[in-house]
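I have placed the structure first, in the form of structure tokens, so that the comments after it can refer back to it.
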Amino acid sequence: MAVCTIHPTQSLNPACSSIASFHQKQGLFCTYGSRAIMAKRGGVIIQNHPPSPGVVICSAAGGSDTLVIGLAADSGCGKSTFMRRLTSVFGGAAEPPKGGNPDSNTLISDTTTVICLDDYHALDRTGRKENGVTALDPRANDFDLMYEQVKALKEGKAIDKPIYNHVTGLLDPPELIVPPKILVIEGLHPMFDPRVRELLDFSIYLDISNEVKFAWKIQRDMAERGHSLESIKASIEARKPDFDAYVDQQKQYADAVIEVLPTQLIPDDNEGKVLRVRLIMKEGVKYFKPVYLFDEGSTISWVPCGRKLTCSYPGIKFFYGPDTYFGHEVFVLEMDGQFDRLAELIYVESHLSNISTKFYGEITQQMLKYSDFPGSNDGTGLFQTIIGLKIRDLWEQIIATKTGAPLEAAKA
Amino acid sequence: MASSSTIALLNLSSPFSSRPILSPSTIASLGVATRRREKKPSLATVKASGGGGGGGGGGAKYKGTQMRERLLREMIEEKVAEAKEACEGEGEAAAASAECRVAWDEVEEVSQAKAHLRLKLEVLRQDPLESFCGDNPETDECHVYDDDDE
């Protein structure tokens, strides 16, 4: 059963002709006079084109609520590697909405819509300068609107979401977002407001340590003419007080934290090439069974490289065990080092449990898909992929309980 | 000016050796993608070409995108200079001042935007104006550059 909302509009909508390229499997009807033009896939409509006389947006969620995932990260939104790995697991590549504002931050795939929380900036760049607040400051963000709109999407209603343009620093005219099956809200403050936090079915915090952040920003920015080692350092330090106060404090609320640290395998390494990544998983989260190594609940130290598997320097080291994190009981799975060959990846995958894959080698396959991206040969890519699989698993469990119908019918 | 020898790069080129331990048939049975990584530029070469300025690195196809690249590049330089100025003054107080923090936050914002654009063009090989220019090929923004233009 679809949930439909009617958007009253005035004149002929030329945007309806571009609907053919939309992604989401939703019935979108555009009418001009009495003639109904049905577009098979609903998606994003440009709001600044003259809208049609009657647009009916129907959510194909099949009666079940939209799944809402929160991802806290300080790396900008929508184009991040994490997002690509995540959406790739659900199927289909997430692309910017076609025919809309080219500076839109939104990504849409067949099942998933990713919203960038920067779109909820209450103040644009000029406004922030005038008020003396950084983008990290809650005062720069409209949490009321964020809550209202995320709630609306979760309940199956379409929204007109503002667009924050990162190039111009201005707030552009809104774009229409229809409720997807899976909604990911990505940005600096997905868990900051308690009301928004309540709406999240699962939340992830990407915690990059200072050393790694510095190394990554050097890699990112040193090629730019304006930058130097000093400017990169100064930028990180100037943002640190606000970051610690408003962003970092959210990690206590996350169901999963991916912590990225410098390696312990190479003494005095400061290049940030080899990473030690920890996947901290909260215990007792509904529908979420933490990944484990060998024996759930025990403490394991594992070096896969040896007689059967040879690895090159500095090798790979795993750790698994229970712990506490901000007062919560958690399980930690940790990988230090890099995958050098396909064989290592498959070997590791075959020894992990509760990874929610649908076939043997699925993690390896997903990792290879984005092998050009950073993290494809270490714990960042591995754990991002695993989290994607866990979220898929979560979603399927929820669908199965809510509709009580076979999974195949729910997907139609 | 940064020289490439001081840039610490993530080791992205060929994380897997060309001779995998698993047999080709096993790999095929996993349904693993067999895209050749060698064809794509490693991040090392991408960085070297991306920082040079001029008529667009990697993959900017449309004039509008090249303009955006140039704009962001110039903004980074401008805003770094502004930030240095805003933070000048008596040590701790100046550094902690709102102007100083906001100025460096702006630097971060445009640096991120530039990096995202670069990632999109050079790794994903997508021009953000692709869809818009598909619908509006006549606009100035959608003029396509040849290598010997400008």
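The basis for the numbers below is simple: all heavy atoms, side chains too, and nothing from hydrogens, waters or symmetry mates. Lettering of chains follows the sequences in order, A, B, ..., and the numbering in each one begins at 1.
- In this structure, A:E344 and A:I316 have side chains that are in contact, with non-hydrogen atoms separated by less than 4.5 Å.
- Of the two parts of B:Q126, only the side chain, counted from C-beta on, holds a non-hydrogen atom closer than 4.5 Å to a non-hydrogen atom of chain A.
- Of the atoms belonging to A:D242, it is side-chain heavy atoms, and not backbone ones, that fall under 4.5 Å from chain B.
- A donor-acceptor pair under 3.5 Å is formed between the side chain of A:N105 and the backbone N or O of A:Y164.
- Both the backbone and the side chain of B:Q112 have a heavy atom closer than 4.5 Å to some heavy atom of chain A.
- The part of B:A113 that comes within reach of chain A is its side chain, from C-beta onward, which places non-hydrogen atoms under 4.5 angstrom from that chain.
- Proximity to chain A (any heavy atom under 4.5 Å) is restricted, for B:E106, to the side chain, taken from C-beta onward.
- A donor-acceptor pair under 3.5 Å links the side-chain atoms of A:E349 to the main chain of A:T364, judged by distance alone.
- Heavy atoms closer than 4.5 Å to chain B are found in the side chain of A:K217, but not in its backbone.
- A donor-acceptor pair under 3.5 Å links the side-chain atoms of A:R125 to the main chain of A:H166, judged by distance alone.
- Looking at A:R239, only its side chain comes within 4.5 Å of chain B, counting heavy atoms on both sides.
- Annotation: side chain of A:L342 is in contact with side chain of A:L368 (closest heavy-atom distance under 4.5 Å).
- Looking only at distances, no side-chain donor or acceptor of A:Q366 sits under 3.5 Å from a matching main-chain atom of A:T385.
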